[in-house]
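Inspection log for the structure reproduced underneath, given as structure tokens.
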Amino acid sequence: MSTRIPFLKGHGTENDFVIVPDPENAIDLPPAAVAALCDRRAGIGGDGLLHVVRSAAHPEARHMAPEAEWFMDYRNGDGSIAEMCGNGVRVFARYLQCAGHVAEGDLAVATRGGVKTVHIAKDGDVTVGMGKALLPEGDVTVSVGERSWPARNVNMGNPHAVAFVDDLSHAGDLLSPPPFSPATAYPDGVNVEFVVDRGPGHVALRVHERGAGETRSCGTGACAVAVAAARRDGADPTATGTPATYTVDVPGGTLVITERPDGEIEMTGPAVIVAEGEIDAEWLATATRA
């Protein structure tokens with residue numbers, strides 16, 4: 001490993017990421033190294049890490065290389081692996097643009113949740129094709145303190161429990177994962193969204209992301225919330241043939257989510273690169289052993 005490892009820092013609606021470009025998959029990033037880099041006091045700080053690798057160079061993504069040159073090897077802030085991160089895909093695409101790998105327009109990004117289509121607009125916003133939502137059957141309940149709510153089980157390539165509440169303060173401090181039942185509903189943990197209405201087609205959320213705690217934004221969570229809100233409001237684009245669009249306010253900004261009649265979901269929002277620098281490899285090795 002070289003003594004200096006390039007990195008960048010970026011965010012999408014304040015869901016922030018450490019970006020490690022590594023086209024040939026030559027950098028070892030065990031969970032402890034990722035956690036050290038994402039530590040907000042002793043490291044660089046981030047909700048997660050975007051490991052930028054050519055699909056052909058990564059064993060989990062080689063089968064997607066014919067469709068997508070680049071693989072988003074996404075890690076949660078605690079070092080655990082996640083299937084997808086909607087805000088992360090937008091920031092990932094922005095990095096590829098800034099690095100000169102892609103231009104404005106359309107591209108494909110490989111993720112553990114499949115190949116995602118991305119459009120980089122001239123106005124700076126990035127739209128991601130997030131795929132179709134799955135709505136598993138069965139009742140789910142989430143709790144905070146003495147309060148409990150029914151939640152909609154929505155899978156966006158990663159699991160979500162969406163609860164509609166009267167006030168976002170009812171979500172509590174979200175420092176620890178909100179309890180849910182039944183335990184069998186989410187054997188690998190779940191992202192929990194607490195949602196209030198702001199107006200017709202307009203909602204706001206707070207979210208606890210598994211492996212990261214409360215974050216300023218969650219792209220897959222915003223999509224899950226839009227789908228849950230549409231079904232609650234009696235809208236199913238696959239049945240009516242009419243797209244459903246929701247504006248979703250997150251603590252770090254605003255995302256626009258559209259579910260099309262074919263079931264595909266599109267998310268549009270900003271993506272910003274704010275800094276770049278170098279990681280001291282010796283520090284990283286020491287932090288990893290600590």
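Residue indices begin at 1 and follow the sequence shown.
- Looking at D22, its side chain never comes within 3.5 Å of a backbone N or O of V52 through a donor-acceptor pair.
- At least one donor-acceptor pair under 3.5 Å links the side chain of R90 to the backbone N or O of P270.
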Exercise. What do the steps show when you test Y246 against D233 for side-chain hydrogen bond (donor to acceptor under 3.5 Å, both in side chains), and what is the final call?
Worked result: CA-CA 11 Å; Y246 281 78; D233 296 341; 2.6 Å; yes

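- Hydrophobic clustering keeps I120 apart from V115 (ILVMFWY residues linked when any side-chain heavy atoms are closer than 4.5 Å, directly or through intermediates).
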For this session: With side-chain contact (heavy atoms from CB on, under 4.5 Å) as the test, would you mind laying out the steps for I265 and M156 before giving the verdict?
Result: CA-CA 10 Å; I265 297 169; M156 288 298 308; 3.8 Å; yes

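- In this structure, I44 and C38 have side chains that are not in contact, with every pair of non-hydrogen atoms separated by 4.5 Å or more.
- Partner of H202 under the side-chain hydrogen bond (donor to acceptor under 3.5 Å, both in side chains) criterion, chosen from T247, D249, T254: D249.
- Taking 4.5 Å as the limit, some side-chain heavy atom of V248 sits within range of a side-chain heavy atom of L205.
- Checking T258 against E266 by side-chain atom types alone, no donor-acceptor pair falls below 3.5 Å.
- Both Y74 and L107 are members of a single hydrophobic cluster when ILVMFWY side chains are connected at heavy-atom separations under 4.5 Å.
- What you find for A68 and A110 is that their closest heavy atoms are CB-N, 3.6 Å.
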Exercise. What do the steps show when you test R41 against D39 for salt bridge (charged side-chain N to carboxylate O under 4.0 Å, His left out), and what is the final call?
Worked result: CA-CA 6 Å; R41 292 180 174 82; D39 189 298; over 6 Å; no

For this session: Start with the C-alpha gap between T268 and D125, add the side-chain angles, then the distance that decides, and say whether side-chain hydrogen bond (donor to acceptor under 3.5 Å, both in side chains) holds.
Result: CA-CA 7 Å; T268 300; D125 276 352; over 6 Å; no

For this session: Before giving the answer on side-chain contact (heavy atoms from CB on, under 4.5 Å), spell out for T127 and V118 the whole-Å C-alpha distance, their side-chain angles and the decisive distance to 0.1 Å.
Result: CA-CA 6 Å; T127 297; V118 180; over 6 Å; no

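- Minimum interatomic distance between A65 and S55 (heavy atoms only, all atoms of both residues): CA-CB, 3.8 Å.
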Exercise. Could you go step by step and tell me if R94 and E104 meet the salt bridge (charged side-chain N to carboxylate O under 4.0 Å, His left out) rule?
Worked result: CA-CA 10 Å; R94 178 69 75 224; E104 291 174 357; over 6 Å; no

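- Taking 4.5 Å as the limit, every side-chain heavy atom of T3 sits out of range of all side-chain heavy atoms of D280.
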For this session: Take V18 and L50 through the test side-chain contact (heavy atoms from CB on, under 4.5 Å) and record every step on the way to the result.
Result: CA-CA 6 Å; V18 178; L50 306 177; over 6 Å; no

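- The CG atom of N87 sits 5.5 Å away from atom CG of L255, with the distance rounded to the nearest 0.5 Å.
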For this session: Test R40 against D16 for salt bridge (charged side-chain N to carboxylate O under 4.0 Å, His left out), laying out the working first.
Result: CA-CA 11 Å; R40 295 192 181 278; D16 62 334; 2.7 Å; yes

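- Of all heavy-atom pairs between D139 and P182, the closest is O-CD, 3.3 Å.
- The shortest distance between side-chain heavy atoms of L37 and L49 falls below 4.5 Å.
- A salt bridge links D73 with R112: at least one charged nitrogen is closer than 4.0 Å to a carboxylate oxygen.
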For this session: Determine, step by step, whether V20 and I5 satisfy the side-chain contact (heavy atoms from CB on, under 4.5 Å) criterion, reporting the C-alpha distance in whole Å, the side-chain angles of both residues, the deciding distance to 0.1 Å, and the verdict.
Result: CA-CA 8 Å; V20 179; I5 303 168; 4.3 Å; yes

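- Using a cutoff of 4.0 Å between basic side-chain nitrogens and carboxylate oxygens, R4 and E282 are not scored as salt-bridged.
- Within the 4.5 Å cutoff, the side chain of F180 has no heavy atoms near those of the V192 side chain.
- Taking the centre and axis of the six-membered ring of F164, the NZ or CZ atom of R232 falls inside the cone set by 45° and 6.0 Å.
- Taking the side chain as every heavy atom from C-beta outward, Y95 and I19 approach each other to under 4.5 Å.
- Annotation for P136 and N155: closest pair CD-N, 4.3 Å, computed over non-hydrogen atoms.
- Cluster annotation: F7 and L29 are assigned to the same hydrophobic cluster (Ile/Leu/Val/Met/Phe/Trp/Tyr, side-chain heavy-atom contacts under 4.5 Å, transitive).
- Note that the CD atom of E24 and the NE2 atom of H58 stand 12.5 Å from one another [nearest 0.5 Å].
- Taking every heavy atom of both residues into account, P159 and R210 meet most closely at CD-NH2, 3.4 Å.
- Inter-residue side-chain proximity for T111 and V89 is flagged as met; some heavy-atom pair is nearer than 4.5 Å.
- Side chains of N153 and H160: no donor on one and acceptor on the other come within 3.5 Å.
- Interatomic distance, CG of N76 versus CG of D47, reported as 9.5 Å (0.5 Å rounding).
- Classified by interplanar angle (parallel below 30°, tilted 30° to 60°, perpendicular above 60°), the ring pair W149/F194 is perpendicular.
- By the rule that hydrophobic residues join a cluster once side-chain heavy atoms approach within less than 4.5 Å of another member, L174 and V140 end up as members of one cluster.
- In this structure, SG on C223 lies 7.5 Å from CE on M84, to the nearest 0.5 angstrom.
- Looking at N15 and T13, their side chains never bring a donor and an acceptor atom within 3.5 Å of each other.
- Contact annotation: the side chain of D78 never approaches that of V34 to less than 4.5 Å [non-hydrogen atoms, C-beta and beyond].
- Note that CZ of R62 is 11.0 Å distant from CZ of F71, once rounded to the nearest 0.5 Å.
- Residues V144 and P178 share a closest heavy-atom pair of CG2-CB, 4.5 Å.
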Exercise. What's the verdict on salt bridge (charged side-chain N to carboxylate O under 4.0 Å, His left out) for R206 and D173, showing C-alpha distance, side-chain angles and the deciding distance?
Worked result: CA-CA 10 Å; R206 287 178 64 198; D173 57 28; over 6 Å; no

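- Proximity of a side-chain donor or acceptor of R152 to a complementary backbone N or O of V162 within less than 3.5 Å is not detected.
- Heavy-atom neighbours of E276 CD from other residues, nucleotides or ligands within 6.0 Å: at or below the threshold of 12.
- K9 contributes a side-chain N or O that, together with a main-chain N or O of G45, makes up a donor-acceptor pair within less than 3.5 Å.
- Put simply, V102 and F17 are part of the same group of oily side chains (I, L, V, M, F, W, Y) that touch within less than 4.5 Å, one to the next.
- The structure places CE of M130 at 15.5 Å from NZ of K132, a figure rounded to the nearest 0.5 Å.
- A donor-acceptor contact under 3.5 angstrom links the side chains of N158 and T220, judged on distance only.
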